[in-house]
Trainee: 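Mind looking over this structure? Questions follow.
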Protein chains: 2
Amino acid sequence: MAVTQDDPTVGTAERILDVAERLVQTRGFNGFSYADVAAELGITKAGLHYHYPGKAELGEALIARYSVRFAEALGQIDDTVRGAHARLAAYAGLYAQVLSGDRMCLCGMLAAEHQTLPQPMRSAVNGFFDENEAWLTRVLAQGKSDSTLSYDGSSRDAARTVLAALEGAMLVARAYGEPARFQSAAARTLASLAVS
Amino acid sequence: MAVTQDDPTVGTAERILDVAERLVQTRGFNGFSYADVAAELGITKAGLHYHYPGKAELGEALIARYSVRFAEALGQIDDTVRGAHARLAAYAGLYAQVLSGDRMCLCGMLAAEHQTLPQPMRSAVNGFFDENEAWLTRVLAQGKSDSTLSYDGSSRDAARTVLAALEGAMLVARAYGEPARFQSAAARTLASLAVS
DNA sequence: GTCTATAGGCAGATAGAC
DNA sequence: GTCTATCTGCCTATAGAC
């Protein structure tokens with residue numbers, strides 16, 4: 001994701017999202033404050049409230065932008081990568097990119113804090129997972145139909161399993177500060193779907 | 001885990017852990033306060049500080065007790081369950097039990113908040129994962145040697161993948177409030193290790 | 001062991017000037 | 001759009017009585 005924090009052509013609202021996004025992905029929604037964001041941008045807390053009335057609205061905006069960007073990345077994969085297995089590898093690569101910035105998936109982090117979130121944020125988090133599941137389901141079904149992938153049961157259940165495995169791999173890899181742990185687990189997960 | 005909260009034979013220190021544990025597993029370490037625990041136990045915040053000087057010490061005590069109990073449960077499996085596959089299923093059952101109380105794995109939750117935790121808690125969280133990995137590694141190696149399990153690469157890497165997959169499955173299942181999502185993902189993960 | 005009382009700080013949020 | 005100033009409430013933590 002682009003660093004817009006020092007780009008004068010980017011509006012304050014976007015730069016707030018950039019800083020807040022990083023803070024949520026590294027510290028959690030309950031682990032950062034308006035003061036943290038304001039200090040980093042060199043403005044005051046009151047300035048933030050002009051752009052986002054409350055933390056809940058800021059949170060919703062974060063998930064909305066993250067979901068759009070992720071959907072765009074998935075569209076990019078559809079357009080540029082051929083073959084179900086290669087697409088899954090590219091999908092895992094998106095996660096690896098996030099992790100390389102010492103970040104957790106935004107919605108994976110928020111999933112942990114789910115019970116403490118305002119309702120609109122909860123729905124948005126699940127919506128993100130739903131979109132990922134739908135994309136994965138399509139790719140998996142494609143791979144099954146052209147016999148480049150093999151798995152039992154529904155594509156949807158397999159998609160859910162892949163999503164959960166990658167989120168978990170990020171979670172643990174980040175605790176150790178070892179992105180290689182993610183790479184290994186992701187490779188294994190995808191390998192389990194390869195034709196035998 | 002036993003409910004000691006209303007048992008007069010159980011000391012206050014233990015009951016504090018019971019309440020705090022549930023709060024951390026459901027809301028996160030940054031999502032609960034001494035006031036929450038005190039109110040639920042009917043004592044004052046000052047009373048808590050007598051038993052645990054600060055939130056950091058309380059957190060360390062939580063992980064320590066959780067790790068001991070988990071290790072005991074693993075020992076129980078070793079003693080009562082035969083066969084690598086059945087042991088893995090029992091292991092996943094431990095997670096399912098936690099999830100059935102709408103809780104996340106204590107250390108999975110703390111892993112998300114890792115960057116905000118005091119150093120001793122960070123080490124303890126990773127220690128919990130290390131113990132789990134060691135146990136899983138043993139079970140997987142056993143299954144491979146007696147040909148009841150099949151997987152490529154090192155047992156340690158396979159163990160890490162299983163651990164991460166189960167933690168991720170809990171994380172996502174909890175966001176949806178659907179334990180069945182965990183069951184499905186866990187069953188798939190174990191099935192991928194079965195002999196073909 | 002548990003209480004009252006209180007400290008000092010930070011949280012999210014608002015009013016109103018510029 | 002961003003500021004200063006301020007509010008209210010909650011946070012972790014401590015001192016000292018009982």
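Naming: A, B, ... by sequence-line order, numbering from 1 per chain.
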Trainee: Assess whether atom CG of B:D146 is packed by more than 12 heavy atoms of other residues, nucleotides or ligands within 6.0 Å.
Mentor: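 Yes, because the 6.0 Å sphere around CG of B:D146 holds more than 12 heavy atoms from other groups.
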Trainee: With rounding to the nearest 0.5 Å, note down the distance linking CZ in A:R15 to CD1 in A:I43.
Mentor: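 It is 8.5 Å, given to the nearest 0.5 Å.
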Trainee: What integer distance in Å separates A:L48:CG from C:dA11:P?
Mentor: 12 Å
Trainee: Expected output is a numbered-order residue list: members of residues 111-119 of chain B with a heavy atom under 4.0 Å from any atom of DNA chain D. What is it?
Mentor: none
Trainee: Let me know the distance between OH of A:Y52 and P of D:dG1, rounded to the nearest Å.
Mentor: 12 Å
Trainee: Are a donor atom and an acceptor atom from the side chains of B:Q119 and B:S123 found within less than 3.5 Å of each other?
Mentor: yes
Trainee: Taking side chain to side chain contact (heavy atoms under 4.5 Å, CB included) as the criterion, tell me which of B:N30, B:V24, B:L23 meets it with B:R27.
Mentor: B:L23
Trainee: Only counting residues at least two apart or in another chain, list the ones meeting ring-ring contact (aromatic ring centres under 6.0 Å, His included) with A:Y151.
Mentor: none
Trainee: For A:R15 and D:dG1, what is the distance between atoms CZ and C1' respectively, to the nearest whole Å?
Mentor: 12 Å
Trainee: What is the minimum heavy-atom distance between A:E131 and A:A71, and which atoms define it?
Mentor: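 The answer is OE1-CB, 4.2 Å.
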Trainee: Indicate the ring-plane relationship of A:Y34 and A:H49, choosing parallel, tilted or perpendicular according to the 30° and 60° boundaries.
Mentor: tilted
Trainee: Return the minimal non-hydrogen interatomic distance between A:V81 and A:R87, and the atom names on each side.
Mentor: O-NE, 2.7 Å
Trainee: Please encode protein proximity along nucleotides 3-18 of chain D as a string of B, S and -, counting only heavy-atom distances under 4.0 Å.
Mentor: BB------SBBBB---
